[in-house]
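All residue numbers refer to positions in the sequence shown, counting from 1.
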Amino acid sequence: MKYDQNGLVTVVVQDFVSGEVLMVAWANEESVKLMKKTGYTHFWSRSRKKLWKKGEESGNVQKIISMQTDCDGDTLLVRVEQTGGACHTGAASCFNEVIFGSTKNTSAVIPELGRVMKERRMNPTAESYTCKLFDDENRMCKKIIEEAGEFILSVKDGKEDEMSWELADLIYHTMVAIEKTGLPMEKVYEKLSERRE
């Protein structure tokens with residue numbers, strides 16, 4: 001690692017399943033060693049001038065799945081399994097305020113939609129379409145088959161708007177099934193990694 005003049009490196013913390021950036025913090029050599037030794041994130045507080053373990057007071061710890069350096073060796077990317085919210089405000093991520101442009105056409109929708117589905121599963125409402133799918137497994141499964149078929153037909157037609165609409169439907173209905181069954185996405189990623197080889 002290449003530490004700066006203050007003996008620190010930037011640490012970008014990312015959810016290991018969704019890829020959502022949760023927070024950015026700083027680490028010194030000792031906190032990097034602690035992360036490797038304990039398997040949990042530790043940082044250097046620039047304001048308090050001391051080491052701290054993420055979640056030591058809140059319980060919102062970050063179990064490390066992987067650590068990577070950038071090409072210069074002066075930044076760490078740490079993928080974690082997050083307990084609770086990563087932000088001190090209680091939010092899932094520290095990055096919530098859009099100050100330019102829009103996140104509407106970005107992958108930011110995936111973890112947001114996942115949180116909505118989880119909330120619907122834990123606190124169902126009668127008017128929610130997602131809850132109706134949770135309650136009717138046959139309907140849920142039929143919708144995945146239906147949307148997959150419609151996506152394939154739109155691919156054959158070659159119309160971008162139709163393809164994007166149908167793929168969005170397929171992703172949504174598949175996400176409902178993932179949430180209902182509790183399928184661990186890390187197992188899916190592992191299978192995808194095998195296909196890369």
Side-chain angles (χ1 to χ4, degrees), residues 1 3-4 6-70 74-99 103 106-125 128 130-131 134 172 174-193:
M1 295 296 307
Y3 297 92
D4 68 13
N6 298 310
L8 303 175
V9 292
T10 305
V11 183
V12 178
V13 181
Q14 190 176 33
D15 183 279
F16 86 109
V17 172
S18 69
E20 182 176 27
V21 175
L22 302 176
M23 59 180 285
V24 173
W26 288 263
N28 61 9
E29 189 173 358
E30 186 179 358
S31 52
V32 171
K33 285 179 182 175
L34 278 170
M35 285 194 271
K36 290 179 181 179
K37 180 180 177 182
T38 66
Y40 287 87
T41 56
H42 289 75
F43 305 110
W44 176 258
S45 170
R46 296 176 303 165
S47 58
R48 295 177 288 157
K49 306 284 188 224
K50 70 173 199 165
L51 285 169
W52 61 286
K53 177 184 178 184
K54 175 64 179 170
E56 62 191 344
E57 294 176 12
S58 67
N60 295 343
V61 295
Q62 297 173 334
K63 182 179 178 185
I64 299 172
I65 305 301
S66 68
M67 290 174 62
Q68 292 172 262
T69 63
D70 70 340
D74 60 3
T75 304
L76 280 175
L77 174 62
V78 181
R79 289 183 180 88
V80 301
E81 180 180 345
Q82 176 70 51
T83 300
C87 186
H88 73 282
T89 64
S93 168
C94 293
F95 295 92
N96 294 308
E97 185 179 348
V98 178
I99 62 169
T103 61
T106 73
S107 62
V109 70
I110 298 292
E112 291 170 7
L113 184 56
R115 284 190 284 274
V116 169
M117 288 181 182
K118 185 173 189 172
E119 171 63 25
R120 296 281 193 275
R121 184 177 53 79
M122 301 193 57
N123 300 297
T125 59
S128 166
T130 301
C131 292
F134 285 150
Y172 163 78
T174 302
M175 286 178 69
V176 170
I178 291 166
E179 178 61 35
K180 179 176 174 57
T181 62
L183 174 66
M185 284 304 294
E186 55 268 33
K187 289 191 175 182
V188 177
Y189 296 149
E190 185 178 344
K191 301 301 179 191
L192 285 171
S193 293

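Counting only heavy atoms from C-beta outward, the side chains of Met35 and Leu76 approach each other to under 4.5 Å. A heavy-atom distance below 4.5 Å is found between the side chains of Thr41 and Ile64. Side chains of Met117 and Ile178 form no contact here, defined as non-hydrogen atoms less than 4.5 Å apart. By the 4.5 Å heavy-atom criterion applied to side chains, Met23 and Lys54 are counted as neighbours.
The OG atom of Ser31 sits 13.5 Å away from atom NZ of Lys50, with the distance rounded to the nearest 0.5 Å. How far CG of Asp70 is from CE of Met1: 7.0 Å, rounded to the nearest 0.5 Å. In this structure, the separation between OG on Ser58 and NE2 on His88 is 11.5 Å, given to the nearest 0.5 Å. Atom CG of residue Leu51 and atom CD of residue Glu30 lie 4.5 Å apart, to the nearest 0.5 angstrom. The line from OG1 of Thr130 to CZ of Arg121 is 12.5 Å long, rounded to the nearest 0.5 Å. To the nearest 0.5 Å, the span separating CD on Glu81 from CG on Asp15 amounts to 9.0 Å.
Arg115 and Glu119 are not joined by a salt bridge, as no carboxylate oxygen comes within less than 4.0 angstrom of a charged side-chain nitrogen.
Gly114 approaches Glu179 most closely through the heavy-atom pair O-OE1, 4.4 Å. Of all non-hydrogen atoms in Gln14 and Leu77, the two that sit nearest each other are OE1-CD1, 3.5 Å. Between Phe16 and Tyr189, the shortest heavy-atom contact is O-CE1, 4.2 Å. For Gly85 against Asn60, the heavy-atom pair with the smallest separation is O-ND2, 3.1 Å. Nearest heavy-atom pair, Ala27 versus Val32, reported as atom, atom and distance to 0.1 Å: CB-CG2, 3.9 Å. The minimum heavy-atom distance linking Tyr3 with Glu29 is given by the pair OH-CA, 3.3 Å.
Exactly one of Thr10, Asp4, Val11 qualifies for a side-chain contact (heavy atoms from CB on, under 4.5 Å) with Leu8. That residue is Asp4.
Applying the ring-ring contact (aromatic ring centres under 6.0 Å, His included) test to pairs two or more places apart or on separate chains, those with a residue in residues 37-64 are Phe43-Trp52.
Shown here are the side-chain contact (heavy atoms from CB on, under 4.5 Å) partners of Ala86, two or more places apart in sequence or in another chain: Leu22, Gln62, Gln82.
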